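Remarks on the structure that follows.
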Amino acid sequence: MSRLLIVGSVAFDDLELPKPIEQTAHAAGAARVTERTWERHADVWGGSASYAAIAASLFAPIDLVAVIGDDFPKANLDALEERGVDVRGVERAAGKSFRWAGRYDATLSSRVSLDTQLNVFADFKPKIPAHARRAPFVMLGNIHPALQLDVLAQMDTPKLVVADTMNFWISGERALLGKLLEKIDVLVINDEEARELGEHHNVSRAAAAIRKMGPKLLVVKRGEFGALFFDGERPPFFAPAYPLEDVLDPTGAGDTFAGGFMGYLAHCDSQGGKLDRGAYRRAITAGSALASFCVEGVGPARLLSLKGAELRERLSAFKSLVHVEHELDALTLLR
Ligand code: AMP
């Protein structure tokens, strides 16, 4: 079985989320909702590596490397182990776990960070356990690019390396990030980050510029508008986000997408499948389907309860979502 190493944050999140519309309408006794109310969810299990590991563990065995404080519940680690996540690389340090607080707007499409407390994460120096150094698939979560480079230096010869990053590193550590980009195969970022990194407002042009910096493959996440996959071919591949009626909490959707994407590729490799264009397209669709479950619950709750049959059903709904009869290109035109 091809193992996937995931390095990143494991955290507590304090989330301020708009109450679901039905609930607000019911409470107000109103047919139309003009005002939303917000609900605070404290101490929700979060962190980029948590979401990625929970998602990827549906497809492949995972080695997780992270740091937690002495306040982090053992029950969460047990839940990961039950899913086939090897947590021997999760270091428990004296002090508090990383904590992030965010507030979403009424449409759930944008958020502000209210607070980031690095705590034990401030001194995080990922140590890859000997057994995990052989992992052929590596996912470098959003941490300092110097640490991402250090993780790669500890690995044997991975087959596929994916990395995530954020505006903070793009503007603050561009030179180091450049070194990292030369060593990775796939970069997964959102459209705003792609524009900043590629220094072009047009996402396709920004993508072309980023691919010249190193990663031959680039995934640009566009939230509720899906994800684009650039591999140098025209057109790029596009996977829509599943149009859900009830979105509760978008936190972790991007990390879930990346975890599902890499987990699927590791699974495909285990089965002797080639990592070709078709495999990447299926991986992006698997990541999108998993992200659609992530946002249906607060924190990782919905992902943790997800059954294989539910995922298969949504994957087949995805196929219908984008299926177009082939007769379309034989359309008879009037002029
Ligand atoms: P996403 O919604 O996909 O951007 O992921 C949100 C998750 O990333 C939350 O669970 C946070 O705990 C975690 N997170 C937020 N800020 C950071 C940061 N600066 N470094 C690492 N992880 C973070």
Side-chain angles (χ1 to χ4, degrees), residues 6-17 41-56 64-69 71-72 76 80 90 96-105 108-124 126 139-148 151 162-173 177 187-194 219-224 227 241 247-262 287-288 290-304:
I6 298 177
V7 184
S9 61
V10 169
F12 285 121
D13 291 343
D14 296 323
L15 308 171
E16 290 184 24
L17 297 162
H41 301 262
D43 300 335
V44 177
W45 178 10
S48 60
S50 306
Y51 282 102
I54 293 167
L64 179 63
V65 171
V67 63
I68 51 173
D71 53 357
F72 197 78
N76 293 352
L80 288 172
V90 179
K96 287 186 184 168
S97 301
F98 176 72
R99 183 175 287 271
W100 174 77
R103 180 182 166 91
Y104 286 84
D105 74 352
L108 283 166
S109 53
S110 74
R111 72 180 181 206
V112 285
S113 286
L114 299 175
D115 191 23
T116 301
Q117 295 173 22
L118 293 175
N119 299 325
V120 295
F121 199 55
D123 301 315
F124 183 41
M139 180 173 162
L140 304 169
N142 166 31
I143 51 177
H144 195 297
L147 297 182
Q148 293 175 313
V151 170
V162 66
D164 184 8
T165 192
M166 67 195 278
N167 297 60
F168 186 69
W169 308 124
I170 296 171
S171 51
E173 293 287 356
L177 188 60
L187 182 68
V188 179
I189 48 178
N190 68 34
D191 46 4
E192 197 189 308
E193 292 155 353
V219 180
V220 179
K221 299 173 288 179
R222 313 186 91 176
E224 61 181 312
V247 175
L248 288 190
D249 172 20
T251 311
D255 308 308
T256 300
F257 171 90
F261 172 82
M262 279 301 268
S288 303
L290 282 169
S292 76
F293 283 107
C294 173
V295 304
E296 283 184 320
V298 175
R302 181 69 185 100
L303 281 180
L304 286 163

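Note that ligands are numbered from 1 as they come in the structure, with each ligand's atoms numbered from 1 the same way. Keep in mind it's a predicted model, so treat the numbers as computed, not measured. Here, residue 1 is the first one in the sequence, and each next residue gets the next number.
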Option among Asp255, Leu290, Asn76, Leu303 that satisfies the side-chain contact (heavy atoms from CB on, under 4.5 Å) test with Ile54: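 Running side-chain contact (heavy atoms from CB on, under 4.5 Å) over Asp255, Leu290, Asn76, Leu303 with Ile54 returns exactly one hit, Leu303.
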
What pair of heavy atoms forms the shortest contact from Tyr51 to Gly299, and how long is it? OH-CA, 3.1 Å

Minimal non-hydrogen separation, Ile143 against Val7, with atom names: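 Heavy atoms of Ile143 and Val7 come nearest at CD1-CG1, 4.1 Å.
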
Ignoring hydrogens, just give me the one of Gly47, Ser9, Ser97 whose non-hydrogen atom is nearest atom 22 (N) of ligand 1. Ser9

Minimum distance, heavy atoms only, to atom 8 (O) of ligand 1: which one of Ala49, Ser48, Gly8 is it? Ser48

Any chance you could measure [X], atom [atom1], to [Y], atom [atom2], to the nearest 0.5 Å?
| X | Y | atom1 | atom2 | value |
| --- | --- | --- | --- | --- |
| Thr165 | His144 | OG1 | NE2 | 10.0 Å |
| Asp105 | Leu17 | CG | CG | 11.0 Å |
| Phe168 | Ser113 | CZ | OG | 11.5 Å |

Would you mind listing which atoms of ligand 1 come within a distance below 4.0 Å of any non-hydrogen atom of [X]?
| X | answer |
| --- | --- |
| Tyr51 | 10 (O) |
| Arg111 | 1 (P), 2 (O), 4 (O) |
| Asn142 | 20 (N), 21 (C) |
| Ala11 | 12 (O) |
| Gly46 | 10 (O) |
| Gly252 | 1 (P), 2 (O), 3 (O), 5 (O), 6 (C) |
| Thr251 | 2 (O), 6 (C), 9 (C), 10 (O) |

What's the shortest distance from [atom] to any protein heavy atom, and which residue and atom give it?
| atom | value |
| --- | --- |
| atom 16 (N) of ligand 1 | Trp100 CD1, 3.8 Å |
| atom 3 (O) of ligand 1 | Asp255 OD2, 2.9 Å |
| atom 18 (C) of ligand 1 | Phe98 CZ, 3.7 Å |

Using a 4.0 Å heavy-atom cut-off, which part of Asp13 comes near ligand 1: side chain, backbone, both, or neither?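 Only the side chain of Asp13 comes within reach of ligand 1.
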
Which of these, Thr116, Asp115, Asp43, sits in a side chain to side chain donor-acceptor pair (under 3.5 Å) with Arg99?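 Among the candidates, only Asp43 passes.
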
When you measure from the side chain of Ser9 to the backbone of Gly47, do you find a donor-acceptor pair of N or O atoms at a distance under 3.5 Å?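 Checking the backbone N and O of Gly47 against the side chain of Ser9, no donor-acceptor pair under 3.5 Å is found.
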
Gln148 side chain vs Asp164 backbone, donor-acceptor pair below 3.5 Å: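 Yes; judged by distance alone, with no hydrogens or angles, the pair exists.
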
